[in-house]
Engineer: 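Once you've had a glance at the structure underneath, I'll fire off some questions.
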Amino acid sequence: MPLLLHELLQTHPFHPYIRTCNYAVRSAWHSPERRLLDYLLVYFQEGHCVFQVDGEEYDFYPGDCCLVQPGSLKVMHGVTATSTPYAHLDIFSHPLRAESFPTRAGQTDLRDYMHLMQPRLNDIEGINVPVRLNPQDPNQFSRNLIQMIACWRNPNPLRQLEAQTLASQLVTSILYDHTEIYKKSAEPIPSISWLPSYLSLHLNESITVEDMASRANLSISRFRELFRQHFGAPPHRYLLDLRIRYAKELLLNTDYSIEKIAEYCGFSDIHHFSNTFKKMEAVTPNACRKAGRSLA
């Protein structure tokens with residue numbers, strides 16, 4: 001039975017998250033079959049590749065893009081030398097996100113990991129995203145993907161945040177370009193695509209829904225509705241997720257004090273920050289920092 005989108009979003013809101021990505025420049029190559037827990041997004045920059053996904057074969061050439069969905073069984077083959085920028089990412093939020101991982105070549109039996117598997121877009125009523133993507137603006141799509149990879153590989157926390165913002169834009173493009181229920185109506189819809197960048201640059205400030213609605217020239221009720229449609233979460237929750245994500249990056253990659261991180265991320269005081277962080281990440285900021293450094 002198909003999943004209903006509004007019901008799924010109650011438990012797994014849209015919240016793209018990059019698990020790993022790279023440029024993958026290789027001579028002719030072959031990767032054994034593998035079943036996915038997350039999404040694999042690939043841009044074919046150079047060369048000729050053949051992917052077999054769930055028994056169907058696809059030839060890819062420069063300029064092509066593909067999306068392999070969770071649970072799919074895939075075999076990949078580089079017929080020639082290739083350059084294939086790619087990303088493993090989640091599209092939906094998951095409480096056990098930190099435990100998931102990109103599966104290894106040859107790993108096909110995922111029965112022990114089904115609790116970590118992302119929902120499939122194509123299991124949702126009204127959504128049917130093909131393996132071979134057909135972006136409305138392929139040049140912009142590929143530029144965003146390559147820029148996302150560059151940002152994600154940069155340890156600067158703001159670049160990491162920019163990478164996640166670009167991931168959200170890519171997922172939004174995929175849904176708009178390939179899904180009827182997301183086609184724009186004849187009435188122009190106000191653009192709020194600038195909001196992730198704006199919020200990222202003003203995390204240390206007090207930002208209200210009223211402020212955001214005013215900047216978007218929308219009523220508060222219309223802004224809330226449009227924001228949830230566009231980003232899959234209410235404005236306050238989305239902003240809080242950004243703040244906690246940035247705080248986590250600072251905890252793991254800088255020596256800033258907890259007080260300073262709370263200030264940088266827009267929390268009123270360290271107690272508010274610590275309580276919110278523990279509620280959302282299930283650990284205190286100090287414990288998160290210690291755990292991250294013990295793995296370094």
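None of these values were measured; they are calculated from a predicted model. Just so you know, these numbers use all the heavy atoms, side chains as well, and skip hydrogens, waters and symmetry mates.
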Engineer: May I ask you to decide if I91's main-chain N or O and Q118's side chain share a donor-acceptor pair within less than 3.5 Å?
Structural biologist: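 Such a contact is found between Q118 side chain and I91 backbone.
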
Engineer: Indicate yes or no: at least one non-hydrogen side-chain atom of V42 is less than 4.5 angstrom from one of F44.
Structural biologist: yes

Engineer: Determine whether more than 12 heavy atoms belonging to other residues, nucleotides or ligands lie under 6.0 Å from atom NE2 of H30.
Structural biologist: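 Yes - once you tally the heavy atoms of other residues, nucleotides and ligands closer than 6.0 Å, there are more than 12.
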
Engineer: Spell out, as yes or no, whether a donor-acceptor pair under 3.5 Å connects the side chain of N204 to the backbone of G266.
Structural biologist: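 The answer is no, because no donor-acceptor pair under 3.5 Å joins these two groups.
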
Engineer: Does one side chain, of D59 or H48, offer a donor that lies under 3.5 Å from an acceptor on the other?
Structural biologist: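 Checked: D59/H48 side chains pair up, N/O donor to acceptor below 3.5 Å.
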
Engineer: With a sphere of 6.0 Å drawn around NE2 of H271, does it hold more than 12 non-hydrogen atoms of other residues, nucleotides or ligands?
Structural biologist: no

Engineer: Is L89 reachable from L40 through a run of hydrophobic residues whose side-chain heavy atoms are each under 4.5 Å from the next?
Structural biologist: no

Engineer: Taking Q107 for its side chain and R104 for its backbone only, find out whether a donor-acceptor pair lies under 3.5 Å.
Structural biologist: yes

Engineer: Check whether any side-chain heavy atom of R132 sits under 4.5 Å from a side-chain heavy atom of C66, and report yes or no.
Structural biologist: no

Engineer: Checking K248 against C288 for the side chain to side chain contact (heavy atoms under 4.5 Å, CB included) test, could you report, in this order, the C-alpha distance in whole Å, the side-chain angles of both residues, the deciding distance, and whether it holds?
Structural biologist: CA-CA 8 Å; K248 192 171 182 180; C288 175; 4.0 Å; yes

Engineer: Could you check whether atom CD of E205 has more than 12 heavy atoms from other residues, nucleotides or ligands sitting under 6.0 Å from it?
Structural biologist: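 Yes, enclosed.
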
Engineer: Output the distance between atom CD1 (I192) and atom CZ (R215), rounded to the nearest 0.5 Å.
Structural biologist: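 Here the rounded value is 14.5 Å.
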
Engineer: Would you name the heavy atoms of G232 and P13 that are closest together and state the gap between them?
Structural biologist: O-CB, 3.4 Å

Engineer: Could you verify whether a donor N or O on one side chain and an acceptor N or O on the other, from H15 and R245, lie under 3.5 Å apart?
Structural biologist: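 Present: a donor and an acceptor within the cut-off.
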
Engineer: From L116 CG over to S100 OG, what is the distance, rounded to the nearest 0.5 angstrom?
Structural biologist: 5.0 Å

Engineer: Could you tell me which non-hydrogen atom of L203 sits nearest to which non-hydrogen atom of L161, and how far apart they are?
Structural biologist: CD1-CD2, 3.9 Å

Engineer: Please report the shortest heavy-atom distance between I258 and P285, naming the atom on each side.
Structural biologist: CD1-CB, 4.0 Å

Engineer: Check whether any side-chain heavy atom of L166 sits under 4.5 Å from a side-chain heavy atom of W152, and report yes or no.
Structural biologist: no

Engineer: For residues L242 and F231: do they belong to one hydrophobic cluster (side chain heavy atoms under 4.5 Å, members Ile, Leu, Val, Met, Phe, Trp, Tyr)?
Structural biologist: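 Yes; F231 is reachable from L242 via cluster members.
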
Engineer: Go through the steps for L133 and I174 under the test side chain to side chain contact (heavy atoms under 4.5 Å, CB included), then give the verdict.
Structural biologist: CA-CA 8 Å; L133 296 178; I174 289 170; 4.1 Å; yes

Engineer: For the residue pair D211 / T208, report whether a side-chain donor-acceptor contact shorter than 3.5 Å exists.
Structural biologist: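 Indeed, the side chains of T208 and D211 share at least one donor-acceptor pair under 3.5 Å.
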
Engineer: So, taking the atom named CD1 in I270 and the one named OG in S257, what distance separates them when rounded to the nearest 0.5 Å?
Structural biologist: 7.5 Å

Engineer: Taking a hydrophobic cluster as the set of Ile, Leu, Val, Met, Phe, Trp and Tyr residues connected by side-chain heavy atoms closer than 4.5 Å, whether directly or through intermediates, do L201 and V209 fall within one such cluster?
Structural biologist: no

Engineer: When H88 is tested against each of D38, T20, T103 for side-chain hydrogen bond (donor to acceptor under 3.5 Å, both in side chains), which residue passes?
Structural biologist: D38

Engineer: Rounded to the nearest 0.5 Å, how far does CZ of R289 lie from CD1 of I261?
Structural biologist: 4.5 Å

Engineer: Which heavy atom in P130 sits nearest to a heavy atom in H178, and how many Å separate them?
Structural biologist: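 The pair with the smallest heavy-atom distance is CD-CD2, 3.7 Å.
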
Engineer: Please confirm whether the backbone N or O of A262 pairs with a side-chain atom of H272, one donor and one acceptor, at under 3.5 Å?
Structural biologist: no

Engineer: Under 6.0 Å between ring centres: does that hold for Y86 and Y43?
Structural biologist: no

Engineer: Aromatic contact between F227 and Y238, with the criterion being ring centroids under 6.0 Å apart: yes or no?
Structural biologist: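 Yes, close enough.
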
Engineer: Crowded around K74 NZ? As in, over 12 foreign heavy atoms under 6.0 Å?
Structural biologist: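 Counting neighbours around NZ of K74, more than 12 heavy atoms of other residues, nucleotides or ligands fall under 6.0 Å, so yes.
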
Engineer: Please step through side chain to side chain contact (heavy atoms under 4.5 Å, CB included) for the pair S31 and V75, ending with a clear verdict.
Structural biologist: CA-CA 6 Å; S31 178; V75 179; over 6 Å; no

Engineer: Are L121 and M117 connected, step by step, through hydrophobic side chains (Ile, Leu, Val, Met, Phe, Trp, Tyr) whose heavy atoms are closer than 4.5 Å?
Structural biologist: no

Engineer: Rounded at 0.5 Å granularity, tell me how far CG in D123 sits from CG in L8.
Structural biologist: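 Going from the CG atom of D123 to the CG atom of L8 covers 10.0 Å.
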
Engineer: Show your reasoning for whether ring pair (Phe, Tyr, Trp, His ring centres under 6.0 Å) applies to Y264 and Y256.
Structural biologist: CA-CA 10 Å; Y264 282 165; Y256 294 149; 5.3 Å; yes

Engineer: Would V131 and L67 count as a side chain to side chain contact (heavy atoms under 4.5 Å, CB included) if you check the C-alpha gap in whole Å, the side-chain angles of each, and the deciding distance to 0.1 Å?
Structural biologist: CA-CA 5 Å; V131 172; L67 182 71; over 6 Å; no

Engineer: Just checking F51 against F60, ring centres under 6.0 Å apart?
Structural biologist: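 Yes, ring centres under 6.0 Å apart.
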
Engineer: Going by atom types alone, do N122 and Q69 pair a side-chain donor with an acceptor below 3.5 Å?
Structural biologist: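 Note: N122 and Q69 side chains meet the donor-acceptor criterion.
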
Engineer: Side chains of Q45 and S83 only: does a donor on one sit below 3.5 Å from an acceptor on the other?
Structural biologist: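 Q45 vs S83: donor-acceptor pair found between side chains.
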
Engineer: Has R159 got more than 12 heavy atoms of other residues, nucleotides or ligands less than 6.0 Å from its CZ?
Structural biologist: no

Engineer: Ignoring hydrogens and angles, state whether a donor on the side chain of T276 or R243 is under 3.5 Å from an acceptor on the partner side chain.
Structural biologist: no

Engineer: Give a yes or no on whether the backbone of Y61 and the side-chain of D64 come within a donor-acceptor separation of less than 3.5 Å.
Structural biologist: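 Present.
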
Engineer: Without swapping roles, check the side chain of Q160 against the backbone of N154 for a donor-acceptor pair under 3.5 Å.
Structural biologist: yes

Engineer: Between F92 and Y39, what is the ring plane arrangement, given parallel below 30°, perpendicular above 60°, and tilted in between?
Structural biologist: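 If you compare the ring of F92 with that of Y39, the planes turn out tilted.
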
Engineer: Can you find a side-chain donor-acceptor pair between Y17 and R97 that sits under 3.5 Å?
Structural biologist: no

Engineer: Any idea which heavy atoms bring A213 and I220 closest together, and the distance?
Structural biologist: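 What the structure gives for the nearest pair is CB-CA, 4.0 Å.
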
Engineer: For the residue pair V283 and K278, establish whether any side-chain heavy-atom pair is separated by less than 4.5 Å.
Structural biologist: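 Of all side-chain heavy-atom pairs linking K278 with V283, none is under 4.5 Å.
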
Engineer: Is there side-chain contact between E249 and P155, with heavy atoms separated by less than 4.5 Å?
Structural biologist: no

Engineer: Looking at side-chain heavy atoms only, is the closest gap between L3 and E125 below 4.5 Å?
Structural biologist: no

Engineer: As an exercise, state the distance from CZ of F141 to CG of D137, rounded to the nearest 0.5 Å.
Structural biologist: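 CG of D137 is found 10.5 Å from CZ of F141.
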
Engineer: Do you see a donor-acceptor pair shorter than 3.5 Å between the side chains of Q140 and N144?
Structural biologist: yes

Engineer: Is there a chain of hydrophobic side chains (I, L, V, M, F, W, Y, each step under 4.5 Å between heavy atoms) that links L195 to Y246?
Structural biologist: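 Hydrophobic grouping puts L195 with Y246.
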
Engineer: How close do P196 and T165 get, heavy atom to heavy atom, and via which atoms?
Structural biologist: CB-CG2, 3.3 Å

